[in-house]
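A short write-up of the structure that comes next.
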Protein chains: 2
Amino acid sequence: MASLTKKNVRPYKSASKSTPELILDAAEELMSRRGFHGVSIREIASLAEVHLGSVTYHFGTKENLLEAIYERHAQPMNLRRSDLLAEASRITNLSERLLAIVRAFVVPAFSSQSDVSGGGARFTRVRAILSMEGNEAAQKIIANHFDETSAAFVDAVLECCPKADRNSVVWRCHFLLGSLYYTLVSGERIDRLTHGETSGADHQRAIDELSHTFAAAFSDLANTNKEQS
Amino acid sequence: MASLTKKNVRPYKSASKSTPELILDAAEELMSRRGFHGVSIREIASLAEVHLGSVTYHFGTKENLLEAIYERHAQPMNLRRSDLLAEASRITNLSERLLAIVRAFVVPAFSSQSDVSGGGARFTRVRAILSMEGNEAAQKIIANHFDETSAAFVDAVLECCPKADRNSVVWRCHFLLGSLYYTLVSGERIDRLTHGETSGADHQRAIDELSHTFAAAFSDLANTNKEQS
DNA sequence: GTCTATAGCGTGATAGAC
DNA sequence: GTCTATCACGCTATAGAC
């Protein structure tokens with residue numbers, strides 16, 4: 001851990017973060033809550049405590065800003081998933097392995113990255129909203145980076161469920177992603193429906209619920225023949 | 001020259017639909033694809049083949065338009081769900097009943113209503129996007145109308161799984177809704193991942209996959225003790 | 001109820017002094 | 001790299017003739 005210096009304790013605009021980083025942090029925070037269209041560059045500049053001109057100086061267009069957000073998170077998250085997936089593959093007990101596979105998919109979407117501020121959850125929220133907003137530019141970026149990772153998970157699940165139909169596994173993986181997104185974005189619904197006994201903001205709980213639910217859903221598939229519908 | 005006014009004559013498409021209906025249809029279609037912020041009133045008026053002024057004459061603000069969309073769908077859909085849920089409750093075999101309960105939740109979200117154009121799927125897509133966009137006005141409307149229906153489903157599921165923890169049922173119901181939303185909005189991902197062998201636009205298939213997946217997820221809960229985590 | 005015109009504002013993006 | 005000033009445009013909403 002780096003020693004704290006005066007530079008890191010600056011009263012306002014922190015010197016430990018470059019202007020582009022400040023802008024990206026602000027953009028990520030705002031877009032994770034209101035989407036791409038719902039946020040203006042002016043708001044981003046204001047939250048970042050940076051002048052409007054600096055935003056376009058560093059990023060040019062609003063879409064570039066979005067792409068930059070994506071770029072700084074996609075690779076670390078995918079690496080983390082690959083690592084956890086490889087770890088999971090070494091488990092011999094099939095139902096334990098299945099649970100580990102689902103966790104390998106879910107955990108990196110929640111947990112913070114050491115090198116990137118804000119962590120995985122905020123970025124996942126951005127992706128959730130963008131995928132719903134139908135933003136064209138975003139659709140392409142998301143599709144490219146994500147589908148390949150998805151395919152690896154489908155294959156890993158299939159290895160645990162030799163009798164299962166691949167397409168059915170895809171459907172359930174899709175449901176997993178939808179559940180993940182919705183939980184991160186609309187978690188407060190859980191607070192309401194459980195009358196405050198559980199919170200959607202409790203990431204550890206969310207991870208556990210997601211992984212057990214979908215491990216069960218995949219297990220069910222393992223016991224089903226391809227011919228059945 | 002005695003001229004009959006042609007102004008109120010609607011020569012083509014509008015013969016059977018009133019101007020407010022045309023506007024609502026257009027607004028629903030556009031917002032179901034790009035959300036609230038992503039669509040302008042001008043676009044809505046243009047698609048509805050109506051003049052800009054007519055939109056604000058009939059609805060006032062953009063938010064009122066959103067509320068009107070919600071109003072014309074919420075009650076029919078909730079009624080349909082109640083009916084199907086009551087039907088499901090009469091099934092004695094527990095695993096069959098569970099499947100029927102999930103279907104009672106899912107089917108009305110996809111199927112078209114006789115009296116409202118566009119059907120349930122488009123409206124569900126609107127709700128999906130709004131819930132993600134974090135639009136304040138929308139959040140309230142959705143929470144009010146939806147949570148009560150959700151609670152009824154949680155209770156119905158609980159009756160099938162006496163040993164299950166209520167909070168866990170809530171979490172899985174939440175996942176069901178997230179899966180439903182994501183499938184309706186990002187269905188084309190399924191086409192890609194199954195290499196065209198299945199389509200997310202195939203509503204019948206989506207209904208079947210959703211109901212079997214979550215019936216399995218709830219069954220799993222039925223076999224778990226409350227004390228287990 | 002329909003349609004035109006426009007007020008009033010916020011937006012994304014740029015140019016250029018510093 | 002930073003900051004100011006501004007352009008050109010699209011937006012929501014309104015006023016008023018028809």
Side-chain angles (χ1 to χ4, degrees), chain A residues 7 10-28 30-31 33-69 130 133-138, chain B residues 1-28 30-31 33-69 130 133-138:
Chain A
K7 289 177 185 173
R10 287 272 286 272
Y12 34 98
K13 250 197 243 175
S14 132
S16 63
K17 283 191 180 180
S18 66
T19 299
E21 276 175 322
L22 288 170
I23 294 169
L24 283 180
D25 286 351
E28 210 175 291
L30 289 171
M31 287 189 185
R33 306 204 175 277
R34 305 208 303 270
F36 184 79
H37 296 301
V39 173
S40 69
I41 299 184
R42 284 172 153 80
E43 280 179 287
I44 294 168
S46 163
L47 181 63
E49 297 182 68
V50 150
H51 282 84
L52 178 59
S54 302
V55 177
T56 41
Y57 170 76
H58 286 287
F59 296 99
T61 71
K62 197 178 174 188
E63 277 191 359
N64 287 348
L65 196 49
L66 184 63
E67 209 165 307
I69 290 176
L130 290 180
E133 263 188 323
N135 184 292
E136 263 191 41
Chain B
M1 183 173 187
S3 61
L4 291 173
T5 57
K6 288 180 185 174
K7 286 178 183 174
N8 292 336
V9 177
R10 298 176 170 281
Y12 35 95
K13 62 181 285 183
S14 30
S16 61
K17 282 193 179 177
S18 67
T19 298
E21 277 176 322
L22 288 171
I23 294 169
L24 282 180
D25 286 351
E28 210 175 293
L30 289 171
M31 287 188 185
R33 306 203 174 279
R34 305 209 301 270
F36 184 79
H37 295 301
V39 173
S40 69
I41 300 185
R42 284 172 153 78
E43 280 178 288
I44 293 168
S46 163
L47 181 63
E49 296 184 66
V50 149
H51 285 262
L52 178 59
S54 302
V55 177
T56 40
Y57 171 76
H58 286 287
F59 296 98
T61 71
K62 198 179 173 187
E63 278 192 358
N64 286 349
L65 196 48
L66 184 64
E67 209 166 306
I69 290 175
L130 291 179
E133 265 188 322
N135 183 293
E136 263 192 42

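Protein chains get the first letters and strands the later ones, always in sequence-line order, with residue 1 at the start of each. What you see is a predicted model; the values in this text were computed from it and never measured.
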request  = Write down the atom of A:Ala27, the atom of A:Ile69, and the distance for their closest heavy-atom approach.
outcome  =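 Residues A:Ala27 and A:Ile69, closest heavy atoms: CB-CD1, 3.9 Å.
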Rounded to the nearest angstrom, tell me the gap between atom [atom1] in [X] and atom [atom2] in [N].
X: B:His51; N: D:dT14; atom1: NE2; atom2: P; value: 20 Å
X: B:Asn64; N: D:dT14; atom1: CG; atom2: P; value: 10 Å
X: A:Ile23; N: D:dC3; atom1: CD1; atom2: P; value: 11 Å
X: B:Ile44; N: D:dG10; atom1: CD1; atom2: P; value: 17 Å
X: A:His37; N: C:dG10; atom1: NE2; atom2: C1'; value: 16 Å
X: B:Glu49; N: C:dT2; atom1: CD; atom2: P; value: 14 Å
X: A:Phe59; N: D:dG1; atom1: CZ; atom2: C1'; value: 13 Å

ask   = Can you give the dot-bracket line for DNA chain C, where a pair is Watson-Crick or G-U wobble with both atom distances under 3.5 Å, crossing pairs use [ ], and | marks a partner on another strand?
value = ||||||||||||||||||
Partners passing side-chain contact (heavy atoms from CB on, under 4.5 Å) against [X] (at least two apart in sequence or in another chain):
X: B:Thr61; value: B:Glu63, B:Asn64
X: A:Leu30; value: A:Arg34, A:Val39, A:Glu43, A:Ile44, A:Leu47
X: B:Ala68; value: B:Leu24, B:Phe59

task = Using side-chain hydrogen bond (donor to acceptor under 3.5 Å, both in side chains) as the criterion, list what pairs up with B:Arg33, not counting sequence neighbours.
result =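 Partners of B:Arg33 under the side-chain hydrogen bond (donor to acceptor under 3.5 Å, both in side chains) test: B:Glu29.
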ask   = Is the side chain of A:Glu133 donor-acceptor paired with the backbone N or O of A:Gly35 at a distance under 3.5 Å, no angle test?
value =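 No; zero donor-acceptor contacts below 3.5 Å.
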task = Kindly compute the distance separating CD1 (B:Ile23) from NE2 (B:His58), expressed to the nearest 0.5 Å.
result =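 Spacing of CD1 (B:Ile23) from NE2 (B:His58) equals 5.5 Å.
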request  = Can you measure from CD (B:Glu67) to NZ (B:Lys62) and round to the nearest 0.5 angstrom?
outcome  =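 The NZ atom of B:Lys62 is 15.0 Å from CD of B:Glu67, to the nearest 0.5 Å.
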key: Non-hydrogen side-chain atoms of A:Thr56 and A:Leu52 separated by less than 4.5 Å   =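 The answer is no; the side chains never approach within 4.5 Å.
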query = Would one find a side-chain N or O of A:Ser54 under 4.0 angstrom from OP1 or OP2 of D:dG1?
reply =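 It does not, given that no N or O in the side chain of A:Ser54 lies less than 4.0 Å from OP1 or OP2 of D:dG1.
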message = C:dT2, OP1 or OP2 - any side-chain N/O from B:Thr19 closer than 4.0 Å?
response =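 Answer yes for this pair, as a side-chain N or O of B:Thr19 is under 4.0 Å from OP1 or OP2.
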Could you list all N or O pairs between the protein and nucleotides 13-18 of chain C that sit under 3.5 Å apart?
from   : atom 1 : to      : atom 2 : distance (Å)
C:dA13 : OP2    : A:Lys62 : N      : 3.1

